[in-house]
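Inspection log for the structure reproduced underneath, given as structure tokens.
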There are 2 protein chains.
Amino acid sequence: MAADSEPRRFMTKVARMYYTHGIRQIEIAANLGISQARVSRLLQAAEQAKIVRTIVVIPEGLHAEIEEDLQGRYGLSQVHVVEALDPNDEAGINRDLGEAAALILSAMQLSGKTIGFTSWSRSLRSLVATLEPSKKKSDATRIVEMLGDVGPPQLQHDSTRSTQRFADLIGGTPLFIRAPGVLSSAEVREAMISYDAHTREAIAALDELDVALVGIGTCSIDAPLEPGGNFFTVEQFEMAKSLGAVGQINLRFIDAEGIPIESELDSLVIGVTLAQLPAKGGRFAVAGGRSKYEAVRAALRGHWIDTLITDMETAERLLRE
Amino acid sequence: MAADSEPRRFMTKVARMYYTHGIRQIEIAANLGISQARVSRLLQAAEQAKIVRTIVVIPEGLHAEIEEDLQGRYGLSQVHVVEALDPNDEAGINRDLGEAAALILSAMQLSGKTIGFTSWSRSLRSLVATLEPSKKKSDATRIVEMLGDVGPPQLQHDSTRSTQRFADLIGGTPLFIRAPGVLSSAEVREAMISYDAHTREAIAALDELDVALVGIGTCSIDAPLEPGGNFFTVEQFEMAKSLGAVGQINLRFIDAEGIPIESELDSLVIGVTLAQLPAKGGRFAVAGGRSKYEAVRAALRGHWIDTLITDMETAERLLRE
DNA sequence: TACTTGAGTGTATCAAGATTCGTCAATTGC
DNA sequence: GCAATTGACGAATCTTGATACACTCAAGTA
């Protein structure tokens with residue numbers, strides 16, 4: 001019985017022999033009448049095909065003390081702190097944060113909820129990358145983009161895919177905002193919204209959010225984004241700063257105390273407003289790294305966040321300063 | 001308290017570097033100023049401490065055809081078939097079945113439910129071994145033992161631990177039956193039940209089962225069990241067989257068509273009755289291997305099961321015969 | 001104080017698994 | 001119908017990770 005027709009079945013079989021039963025590759029090879037090399041390749045393929053998953057669980061309450069302190073200090077309902085391998089490697093931090101967030105999300109009951117998602121956030125993007133598919137599908141579960149497209153076309157494509165994939169994994173329906181995130185004028189903004197039925201539907205859903213995975217950003221233009229086009233210009237960022245902005249939550253600017261900074265910039269953005277964020281327990285932020293510290297602190301002070309997933313260094317600074 | 005979390009933190013860090021970031025052990029060692037050997041050992045420890053988990057997912061619908069056929073034939077709501085590595089190795093089959101069941105259970109919504117558990121079942125025991133802890137704790141979730149102690153004292157200890165651990169992993173409260181599973185007379189049985197408050201509570205909960213993980217057994221005394229004491233004697237099994245029994249569900253005998261065999265044996269058992277099994281959708285059986293074939297078929301024919309997790313060979317026989 | 005014990009670590013070595021390379025068969029293109 | 005290409009495979013080889021052994025250090029014990 002050498003050639004099992006179905007390759008996936010064969011991979012599963014080998015994977016189970018290797019991982020579950022702990023049989024050595026050579027023995028598996030001998031047992032199935034194939035070479036050790038092939039067993040090795042099959043195992044790689046199984047991993048590739050996500051038949052085999054290795055996850056590193058973040059033990060509960062590993063940083064219990066600091067997490068509790070943060071909860072108390074900022075009135076948060078949940079805090080998760082992950083150890084950053086290298087505090088300077090922001091990409092690495094985002095990956096770790098995303099992974100942690102994936103574990104937390106997968107333990108949550110999201111079925112039937114309306115979930116706001118921020119597809120341009122790098123940490124949320126890596127969340128999607130590590131999320132495991134859930135079996136429970138529910139059409140009532142809605143994944144709503146909370147901001148229109150930002151950045152260059154390539155990034156927009158990634159964003160769409162990210163939202164789609166997130167919806168697939170959670171088992172819900174995605175609602176896209178098919179419009180730029182930042183327009184040149186309030187009039188164009190209105191026109192864009194009325195233009196597309198999908199977008200209108202998504203915008204409407206923003207009033208009914210149960211959970212929001214917000215993006216916290218600085219008042220500058222980070223790497224993959226570009227000024228102008230469907231994003232704020234350098235001048236607009238400068239203007240926000242001159243009004244006291246130290247960061248933004250889905251492009252809504254806040255000052256160091258977390259107080260919203262109202263300006264005409266607000267009327268240029270197609271996306272969730274701070275007032276639309278879910279009332280309590282559903283405001284998630286996955287953000288860390290040195291550059292975002294000011295913004296995160298402001299978001300916490302304004303109580304725009306009640307579940308924070310961040311790195312050790314940021315957590316410590318949030319307690320110290 | 002911080003004393004014991006320190007090594008765990010280090011293990012987690014190393015595990016993340018290795019598995020999530022894919023860094024080689026030597027590089028990790030160089031990075032952290034330790035030897036490669038220590039990295040290797042830390043990773044082993046992390047695996048031991050369940051910080052690292054590797055699971056082999058059963059791809060959905062790998063055996064779609066046979067599963068659907070079985071569903072249709074016996075009116076089952078769910079069927080999962082796993083490939084047995086060696087049809088003769090019943091211990092191995094049980095491990096595989098348990099692993100599969102763990103994956104299926106973890107995808108289910110069990111919070112707040114009353115779940116009947118059969119702690120002496122080997123496949124359910126291995127289910128517990130591979131189940132991943134769920135984050136959602138709920139005191140409303142109850143794990144009820146569906147049968148008193150059977151077998152030698154050593155086995156009883158394992159059973160208790162198994163139930164306890166299952167409850168921990170699911171995030172619920174365990175209700176134990178602290179009494180023998182089989183008594184010498186109906187009078188002694190009554191006395192045992194009235195004796196212990198915990199046991200009474202568990203027995204009462206058996207009327208409110210939402211989900212039952214039943215054990216399907218043969219009409220003989222399998223390896224770890226011993227006749228007499230708190231288990232049926234050889235004579236009692238013979239008597240059941242002479243009445244037409246081909247198997248039993250939690251020690252309630254059924255004939256080849258699945259029809260319950262009523263006898264005075266019923267009044268000797270402290271455990272769930274067939275009538276107490278949840279109405280629909282909640283009757284799980286994890287059973288396979290050649291020896292149990294007759295019993296499984298009988299249980300299916302009597303519609304005592306609506307979700308079956310079994311091995312390929314049993315599945316095929318169930319369709320053929 | 002001196003001795004014993006045991007856990008934890010690094011070095012050197014060995015085994016296990018990944019990779020390279022040549023072969024062969026199936027498929028594609030001309 | 002015949003190269004050419006692609007992909008799968010196994011044997012040999014190389015790399016990576018596991019382990020045996022020796023050493024250190026701390027804590028207990030005579």
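The number of heavy atoms from other shown groups lying within 6.0 Å of CZ (B:R161) does not exceed 12.
Side-chain atoms of A:T163 and A:E145 include a donor-acceptor pair closer than 3.5 Å. Judged by distance alone, the side chains of B:T12 and A:E83 never bring a donor and an acceptor atom under 3.5 Å apart. Counted by atom type alone, A:N94 and A:R125 present zero donor-acceptor pairs between their side chains at under 3.5 Å. No side-chain donor from either of A:S126 and A:E99 sits under 3.5 Å from a side-chain acceptor of the other. Checking A:H21 against B:R95 by side-chain atom types alone, a donor-acceptor pair falls below 3.5 Å.
Atom CD1 of B:I26 is separated from atom P of D:dG17 by 7 Å (rounded to the nearest Å). In this structure, B:I28 places its CD1 atom 12 Å from C1' of D:dT16, rounding to the nearest Å. For the pair A:I23 CD1 and C:dG17 C1', the computed distance is 16 Å after rounding to whole Å. When the C1' atom of D:dG10 is taken as reference, atom CD of A:Q25 falls 14 Å away, rounded to whole Å. One interatomic measurement links the two molecules: CG of A:L32 to P of D:dG10, which rounds to 11 Å at whole-angstrom precision.
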Which pairs, protein N/O on one side and nucleotides 19-26 of chain D N/O on the other, fall under 3.5 Å?
{"residue": "D:dT19", "atom": "OP2", "partner": "B:Q44", "partner atom": "NE2", "Å": "2.9"}

